[in-house]
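One structure below.
Every chain is numbered from 1 and lettered A, B, ... according to where its sequence line falls, protein lines coming before strand lines.
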Amino acid sequence: GAVVSQHPSWVICKSGTSVKIECRSLDFQATTMFWYRQFPKQSLMLMATSNEGSKATYEQGVEKDKFLINHASLTLSTLTVTSAHPEDSSFYICSASMYPGGTGELFFGEGSRLTVL
Amino acid sequence: AQKITQTQPGMFVQEKEAVTLDCTYDTSDQSYGLFWYKQPSSGEMIFLIYQGSYDEQNATEGRYSLNFQKARKSANLVISASQLGDSAMYFCAMRESNNNDMRFGAGTRLTVKP
């Protein structure tokens, strides 16, 4: 199956610093990637849809200046949490689609657990 | 409005028995896909099974089967012969043709008892 890799798996940072999380599709080109956030014991909440070469589309209530998404190539999307605060501590998961649009499977990264001190 | 509803926050099943995890959905699209994912404590999302809205047969993948009732808009997951390793969170999800993204239900925590 298609492989999506996220890095880092774990990150601890001080309040006020910025953290970058990478999401790579290893064996396919992903025209669209999705970023989700998951709080403990809760479901995955879609944060934004990342399209290669264009600006990301953010869900209502997600601060685009705080969560910067860049999809510079067909195999890499990055999420940067700027000026992180303890309330940004969460599990962030990316997923990628092989095909634009459609109703087929998304391939998920392993997730990145962010802890802001 | 919630598009995916999982009404069972937690379920228990005895090892080797079958269990059904409920999922209902809401969509006005004719074309959509329904998914079940397993999330162990490590956090990774493990794809289990897929059902397309136009598929007439219920999907099956090994011990997993999806009970698809289109008119009732339900897509329940049936796990047969439960194993201790099946203990995890299970999420039902949907992709609609008019939206590119995937939306998830609240999840059901399954615990398999020895």
Side-chain angles (χ1 to χ4, degrees), chain A residues 1-6 8-11 21 23 30-52 54 56-60 62 69 71 90-115, chain B residues 1-10 21 23 25 27 29-55 59 61 66 68 75 88-111:
Chain A
V3 179
V4 174
S5 178
Q6 256 183 269
S9 301
W10 295 82
V11 56
I21 299 170
C23 178
T31 54
T32 306
M33 289 184 173
F34 304 92
W35 287 95
Y36 292 85
R37 181 176 184 176
Q38 186 180 29
F39 290 111
K41 299 186 180 181
Q42 293 189 22
S43 186
L44 282 73
M45 299 302 296
L46 181 67
M47 299 175 66
T49 301
S50 165
N51 295 298
E52 187 266 338
S54 62
T57 303
Y58 290 81
E59 292 297 299
Q60 192 172 9
V62 177
I69 291 172
H71 193 161
S90 187
F91 191 59
Y92 294 89
I93 311 177
C94 72
S95 67
S97 174
M98 273 189 180
Y99 310 106
T103 59
E105 182 182 355
L106 296 183
F107 301 94
F108 284 82
E110 310 94 325
S112 300
R113 197 167 299 280
L114 170 64
T115 301
Chain B
Q2 189 72 12
K3 292 211 167 195
I4 301 286
T5 303
Q6 294 180 254
T7 58
Q8 306 155 314
L21 306 184
C23 173
Y25 60 92
T27 181
D29 283 2
Q30 296 301 308
S31 176
Y32 51 90
L34 297 161
F35 305 80
W36 278 91
Y37 286 87
K38 172 184 178 182
Q39 188 182 44
S41 56
S42 59
E44 61 186 305
M45 296 293 285
I46 301 170
F47 167 75
L48 297 179
I49 197 165
Y50 165 81
Q51 180 85 42
S53 59
Y54 292 116
D55 295 341
E61 289 285 350
L66 198 151
F68 181 44
M89 280 292 289
Y90 288 80
F91 291 100
C92 180
M94 177 172 67
R95 284 189 85 188
E96 300 166 285
S97 60
N98 288 336
N99 289 314
N100 200 15
D101 54 47
M102 181 178 283
R103 305 283 172 161
F104 289 83
T108 296
R109 178 165 295 282
L110 177 67
T111 302

Where A:Ser43 and B:Phe104 come nearest, the two heavy atoms and their spacing: OG-CB, 3.4 Å
Heavy-atom pair with the smallest gap, counting every atom of B:Arg95 and A:Phe34: NH2-CZ, 4.3 Å
Residue selection (most heavy-atom pairs with chain B, distance under 4.5 Å) from A:Ser9, A:Gly111, A:Gly104: A:Gly104
Contact class of A:Leu44 relative to chain B, heavy atoms under 4.5 angstrom: both
Side-chain heavy atoms of B:Gln39 within contact of A:Phe108, under 4.5 Å: no
Distance in Å, A:Gln42 CD paired with B:Met89 CE, rounded so as to fall on 0.5 Å steps: 10.0 Å
Proximity breakdown for A:Leu106 and chain B, heavy-atom pairs closer than 4.5 Å: both
Heavy-atom pair of closest approach, residues B:Ser42 and A:Phe91: O-CZ, 4.4 Å
Max heavy-atom pair count under 4.5 Å with chain A, selected residue of B:Arg109, B:Arg103, B:Gln6: B:Arg103
Part of A:Ser97 lying under 4.5 Å from any heavy atom of chain B: side chain
Structural part of A:Gln38 lying under 4.5 Å from a heavy atom of chain B: side chain
Part of A:Glu105 within contact of chain B (heavy atom distance under 4.5 Å): both
